[in-house]
**Student:** 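If you scroll down you'll find the structure; I have some questions about it.
Both ligands and their constituent atoms are indexed starting at 1 by order of listing.
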Amino acid sequence: MQASACAKIILFGEHAVVYGKPAIAVPISSLKAVAEVEFNIVPDGLKIVAADLEQTIRSPASGEPLSENPLERTVQLVLNHFQAAPPNVTITIHSDIPIASGLGSGAAVSTALARAISLVLNRTWDNASLSEIIYQIEKLHHGTPSGIDNTVIVYQQPVYFIRTQPIQTFSIPRPFKLLIADTGKSALTRIAVGDVRQLYEADQPTIQKILDQIETLVIQARQAIETGAVADLGPLMTQNHALLGQLTVSSPELDMLARAALEAGALGAKLSGGGRGGNMIALVTADTAASVREKLLSAGAVRVFETNVE
Ligand code: PMV
């Protein structure tokens, strides 16, 4: 018995989304966290083996205060939600989603685990409740997350996300191709978000102007996606990258990869997620994908994978 959750990528609007601006994110179904359930032969309680994180944990006793460990807290919140005792199973988690690189690995691992526990308990989730629990876990990773990661990963659909507003999912009439290139540098979203907050507090009018410009791009991007005007997305991505640079969340590596992608014929390129490291995305066509990928690798990307957004 197993459960899974996919990765995600933010196409537009990261950071600005923390300040109430819209952002667009899509699931990446080719990358997954998987939680596999085995029933224990002897009574042994609930054991979670997170092989990639080299962690083995046991379900905290009921009534214990909430743990600071994301996996333990996931177990606690899920069992509280279902008002259930820990089942006698071992859940092994594997993920092929790179950690700390803007692909939502933490949220995906917690989501897969929460889904696995519900399978064992023979209970079902409504997306809103599960998303709220994963949001609580995201707080451990990020401090003050906007909620976009848990939303897109739990709903597993493209989302136009505005904090505090009902979730808007939307469809993509004309699929498009992205390359996702990893700088190989992991960076903590929490730090980048905190630095933007400091900038905002030091000079609100200047930062507000940048956030407003990002908002305009996100609105235009949604329109381009929904009308199938895929080529229009490229310049919007590149402009969004420049504005993120003004918020100080780009890095020399991200700038270099974005430039390399454009030189090799990508229609647009930008960092994605918290920035300072992690991943960037490039909009390509079937004709340019191979040459852009090659250029990204020779410009220092440690890994490039292709995904169709559909
Ligand atoms: O680094 P990621 O992919 O988890 O994305 C963070 C996105 C931010 O907008 C920077 C923060 C947030 O909570 O939305």
Side-chain angles (χ1 to χ4, degrees), residues 5-28 31 33 70 95 97-111 131-132 134-156 158-165 167-168 178 180-200 207 210-215 217-218 221 237 240-241 243-251 253-254 270-281 303 305 307 309:
C6 64
K8 71 100 209 341
I9 197 102
I10 298 180
L11 296 184
F12 290 94
E14 52 274 270
H15 286 286
V17 69
V18 174
Y19 299 81
K21 301 298 190 190
I24 296 173
V26 294
I28 306 285
L31 288 177
S95 172
I97 308 170
I99 295 169
S101 56
L103 294 170
S105 80
V109 163
S110 291
T111 303
S131 187
E132 175 53 33
I134 305 305
Y135 180 70
Q136 297 306 323
I137 308 302
E138 285 291 284
K139 282 191 190 166
L140 290 176
H141 293 293
H142 288 345
T144 54
S146 62
I148 191 168
D149 279 23
N150 49 287
T151 303
V152 67
I153 285 171
V154 169
Y155 285 78
Q156 227 165 303
V159 294
Y160 184 82
F161 181 87
I162 303 175
R163 215 175 171 161
T164 76
Q165 286 196 15
I167 290 134
Q168 299 178 50
L178 291 180
I180 303 176
D182 191 343
T183 59
K185 287 207 155 178
S186 59
L188 291 174
T189 296
R190 185 160 33 87
I191 308 273
V193 168
D195 289 352
V196 175
R197 175 65 63 187
Q198 271 184 7
L199 282 182
Y200 183 79
I207 302 304
I210 299 171
L211 300 175
D212 291 345
Q213 285 172 283
I214 293 176
E215 178 177 34
L217 295 178
V218 179
M237 285 168 64
N240 196 166
H241 181 77
L243 292 168
L244 287 163
Q246 289 181 32
L247 293 178
T248 75
V249 297
S250 190
S251 70
E253 294 81 10
L254 286 165
K270 69 182 276 291
L271 70 87
S272 174
R276 299 267 169 88
N279 284 289
M280 56 78 67
I281 52 178
R303 178 175 36 214
F305 58 88
T307 187
V309 180

**Student:** Any pair with a residue in residues 7-21 that passes salt bridge (charged side-chain N to carboxylate O under 4.0 Å, His left out), sequence neighbours left out, goes on the list, sorted by first then second residue, please.
**Tutor:**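 Of all non-adjacent pairs touching residues 7-21, those that pass salt bridge (charged side-chain N to carboxylate O under 4.0 Å, His left out) are Lys8-Asp149, Glu14-Lys270, Lys21-Asp212, Lys21-Glu215.
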**Student:** Indicate yes or no: at least one non-hydrogen side-chain atom of Tyr160 is less than 4.5 angstrom from one of Ile167.
**Tutor:** no
**Student:** Test side-chain contact (heavy atoms from CB on, under 4.5 Å) on Gln168 and Phe161; report intermediate values, then the result.
**Tutor:** CA-CA 6 Å; Gln168 299 178 50; Phe161 181 87; over 6 Å; no
**Student:** Tabulation required: pairs of a nitrogen or oxygen in ligand 1 and a protein nitrogen or oxygen under 3.5 Å; columns are atom names and distance to 0.1 Å; otherwise 'none'.
**Tutor:**
{"from": "ligand 1", "atom 1": "1 (O)", "to": "Thr189", "atom 2": "OG1", "distance (Å)": "2.7"}
{"from": "ligand 1", "atom 1": "1 (O)", "to": "Gly274", "atom 2": "N", "distance (Å)": "2.9"}
{"from": "ligand 1", "atom 1": "3 (O)", "to": "Lys8", "atom 2": "NZ", "distance (Å)": "2.7"}
{"from": "ligand 1", "atom 1": "3 (O)", "to": "Gly102", "atom 2": "O", "distance (Å)": "3.2"}
{"from": "ligand 1", "atom 1": "4 (O)", "to": "His142", "atom 2": "NE2", "distance (Å)": "3.2"}
{"from": "ligand 1", "atom 1": "4 (O)", "to": "Asp149", "atom 2": "OD2", "distance (Å)": "2.9"}
{"from": "ligand 1", "atom 1": "9 (O)", "to": "His15", "atom 2": "N", "distance (Å)": "2.8"}
{"from": "ligand 1", "atom 1": "13 (O)", "to": "Ser146", "atom 2": "N", "distance (Å)": "2.7"}
{"from": "ligand 1", "atom 1": "13 (O)", "to": "Ser146", "atom 2": "OG", "distance (Å)": "3.4"}
{"from": "ligand 1", "atom 1": "14 (O)", "to": "Ser146", "atom 2": "OG", "distance (Å)": "2.5"}

**Student:** Could you state the interatomic distance from CG (Leu199) to CD1 (Ile210), rounded to the nearest 0.5 Å?
**Tutor:** 8.0 Å
**Student:** If we only count heavy atoms from C-beta on, is the Val249 to Leu254 side-chain gap below 4.5 Å?
**Tutor:** no
**Student:** Is the shortest side-chain heavy-atom distance between Cys6 and Ile28 below 4.5 Å?
**Tutor:** no
